[in-house]
Amino acid sequence: MARKVIITCAVTGSVHTPTMSDYLPITPEQIADQAIGAAEAGASVLHLHARNPADGQPSPDPDVFMQFLPRIHAATDAVVNISTGGGMPMTVHDRMQAALRAEPEMASLNIGTMNFGLYPAAERYSEWKYDWEPAFLESSRDFVFRNTFSDIETLLAELGEGCGTRFEFECYDVGHLYTLAHFLDRGLVKPPLFVQFVLGILGGIGADPDNLAFMKRTADKLFGDDYRFSVLGAGRHQMPLASMSAAMGGNVRVGLEDNLFLDKGVPARNNAEEVTRIRGILEGLSLEVATPAETRELLELKGRDQVAF
Ligand code: KMH
Ligand code: ZN
């Protein structure tokens with residue numbers, strides 16, 4: 001196959017809160033609508049979290065996921081990727097439940113325990129849509145984003161072996177690549193690995209081109225031809241680092257989970273706008289966007305009829 005670029009769209013996440021954007025999808029209907037719109041705009045992978053429909057708090061509840069997964073499945077051919085990263089203050093057990101119920105083609109798998117600082121964002125707002133938001137952001141000051149070796153082993157066994165799900169390996173620092181290589185050496189993860197380089201989270205590697213080059217160089221050394229990479233740049237770094245990834249031979253991740261703004265001071269009104277923006281950049285670079293079928297072939301996924309929703 002000629003080179004094709006996989007666009008992942010991360011639709012809502014658990015980092016942003018409702019006050020930060022009127023366009024952040026909250027309810028199952030909003031998540032489904034925006035996911036379908038993103039797929040129509042060219043995203044072949046939809047990375048999904050759920051939120052409490054009443055107030056927008058991140059939710060691990062499989063019943064809430066099941067309110068939007070069948071609709072997305074019926075309306076698009078895109079690959080559904082369910083987060084196992086969840087959000088504060090979920091336990092690792094809670095974080096796995098939706099993926100175990102839905103048995104998706106893909107799930108995220110976070111490759112290291114780390115700090116994950118959201119609290120600086122709280123200073124930017126004086127009025128909040130919901131009371132939980134400032135306390136939630138502030139709690140990240142003392143929250144440990146837990147992804148121990150044992151947690152990773154459990155996810156690989158129960159979701160990978162048990163359900164045939166393959167993974168978006170979220171690597172927030174160079175050390176995480178060595179942890180992933182350890183699991184490759186043990187035969188617990190199978191090529192082709194799909195590695196998401198995450199740059200710009202407070203607690204992980206900073207969002208700059210040198211660091212992305214270092215991540216890629218290290219991954220090349222550790223994984224050779226056994227991997228494909230994608231890049232997630234947090235906030236305003238999203239489009240520049242995604243563009244750099246594409247120019248370096250990688251794939252891209254966009255979406256309101258990672259960045260709420262299309263331009264400085266201009267909120268993205270939906271996820272499709274960000275997909276359309278990166279698609280235009282890719283086409284400007286004479287790169288072709290992967291279809292869902294091509295993505296399934298590239299990542300060796302089990303197929304859209306093998307899921308439980
Ligand atoms: N929120 C991103 C920085 C996950 O869902 O597993 C990383 C993420 C984690 O998407
Ligand atoms: Zn996520």
Side-chain angles (χ1 to χ4, degrees), residues 7-17 20 24-25 31 34-35 38 43 45-51 57-60 65 68 79-100 102 104 106-118 120-121 136-137 140 143-148 151-152 154-156 159-160 165-173 176 179-180 194-207 211-212 215 229-238 241-242 251-260 271 274:
I7 302 178
T8 296
C9 182
V11 174
T12 188
S14 58
V15 166
H16 294 126
T17 70
M20 297 175 183
L24 186 68
I31 291 171
Q34 289 214 27
V45 179
L46 300 168
H47 170 113
L48 298 169
H49 294 240
R51 292 179 181 268
Q57 281 199 59
S59 168
F65 277 84
F68 57 77
V79 173
V80 166
N81 168 347
I82 296 183
S83 170
T84 68
M88 294 184 300
M90 299 170 204
T91 64
V92 179
H93 175 266
D94 290 346
R95 284 160 39 190
M96 297 171 55
Q97 297 312 309
L100 288 173
M106 291 188 79
S108 68
L109 205 167
N110 292 268
I111 298 291
T113 296
M114 59 189 287
N115 290 334
F116 204 115
L118 307 178
F136 169 85
L137 297 169
S140 68
F143 181 72
V144 176
F145 185 34
R146 182 186 151 144
N147 301 287
T148 65
D151 296 334
I152 294 167
T154 302
L155 271 162
L156 291 173
L159 203 52
T165 298
R166 288 180 59 77
F167 296 101
E168 174 195 10
F169 293 106
E170 314 264 4
C171 293
Y172 299 76
D173 218 324
H176 295 178
T179 298
L180 185 55
F194 187 58
V195 181
Q196 192 72 254
F197 298 150
V198 183
L199 284 83
I201 298 299
L202 180 57
I205 200 165
N211 286 342
L212 176 50
M215 292 285 274
F229 72 96
S230 177
V231 174
L232 176 183
R236 68 191 158 83
H237 303 287
Q238 181 182 68
L241 288 180
N251 302 285
V252 299
R253 173 167 142 171
V254 295
L256 269 63
E257 170 164 350
D258 305 329
N259 171 34
L260 296 169
N271 278 270
E274 292 188 357

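We count ligands from 1, going down the list as the structure has it; atoms in each ligand are counted the same way. The first residue in the sequence is number 1, and the count goes up from there.
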* Indicate yes or no for a side-chain donor-acceptor contact from S108 to the backbone of T84 under 3.5 Å, with no hydrogens or angles considered. => yes
* Asked: Is a donor on one side and an acceptor on the other found under 3.5 Å between the side chain of R146 and the backbone of T113?
  -> no
* **Nearest protein heavy atom with distance in Å, relative to atom 5 (O) of ligand 1** => S83 OG, 2.7 Å
* Asked: Do any nitrogen or oxygen atoms of G85 come within less than 3.5 Å of a nitrogen or oxygen of ligand 1?
  -> yes
* Asked: To the nearest 0.5 Å, how far apart are CD in Q238 and CG in L260?
  -> 9.5 Å
* Structure fact -> Contact region, L109 to ligand 1, non-hydrogen atoms below 4.0 Å, reads neither
* Would you say H49 contacts ligand 1, with heavy atoms under 4.0 Å as the rule? -> yes
* Asked: What is the distance from atom CG of L212 to atom CG of L241, rounded to the nearest 0.5 Å?
  -> 6.0 Å
* To do: Decide whether an N or O pair under 3.5 Å exists between D258 and ligand 1.
  => no
* In degrees, rounded to 10 degrees, what angle do E257 atom OE2 and H47 atom NE2 make at the Zn ion (ligand 2)? -> 120°
* Applying salt bridge (charged side-chain N to carboxylate O under 4.0 Å, His left out), name anything that partners R236, two or more places apart in sequence or on another chain. => none
* **E170 near the Zn ion (ligand 2) via N/O/S, less than 2.8 Å** => no
* Asked: So is H16 close enough to ligand 1, meaning a heavy atom under 4.0 angstrom away?
  -> no
* Side-chain donor/acceptor of N110 to backbone N/O of E170, under 3.5 Å -> no
* Which residue supplies the protein heavy atom nearest to atom 7 (C) of ligand 1, what is that atom called, and how far is it? -> Y172 OH, 3.1 Å
* To do: Would you please determine whether H47 falls within less than 4.0 Å of ligand 1 on a heavy-atom basis?
  => yes
* To do: Work out which heavy atom in A242 is nearest to a heavy atom in V252; give both atom names and the distance.
  => O-CG1, 3.3 Å
* To do: Give the residue and atom name of whichever protein heavy atom lies nearest to atom 3 (C) of ligand 1, and the separation in Å to one decimal.
  => I201 CD1, 3.6 Å
* To do: Look at the aromatic rings of F68 and F65 and report parallel, tilted or perpendicular, splitting at 30° and 60°.
  => tilted
* Nearest non-hydrogen protein atom, atom 6 (O) of ligand 1 -> S108 OG, 2.6 Å
* Asked: For ligand 1, which atoms have a heavy atom of R253 less than 4.0 angstrom away?
  -> 2 (C), 7 (C), 8 (C), 10 (O)
* Asked: With D173, which residues qualify under salt bridge (charged side-chain N to carboxylate O under 4.0 Å, His left out), at least two apart?
  -> none
* Nearest protein heavy-atom contact for atom 8 (C) of ligand 1: which residue, which atom, what distance? -> E257 OE2, 3.4 Å
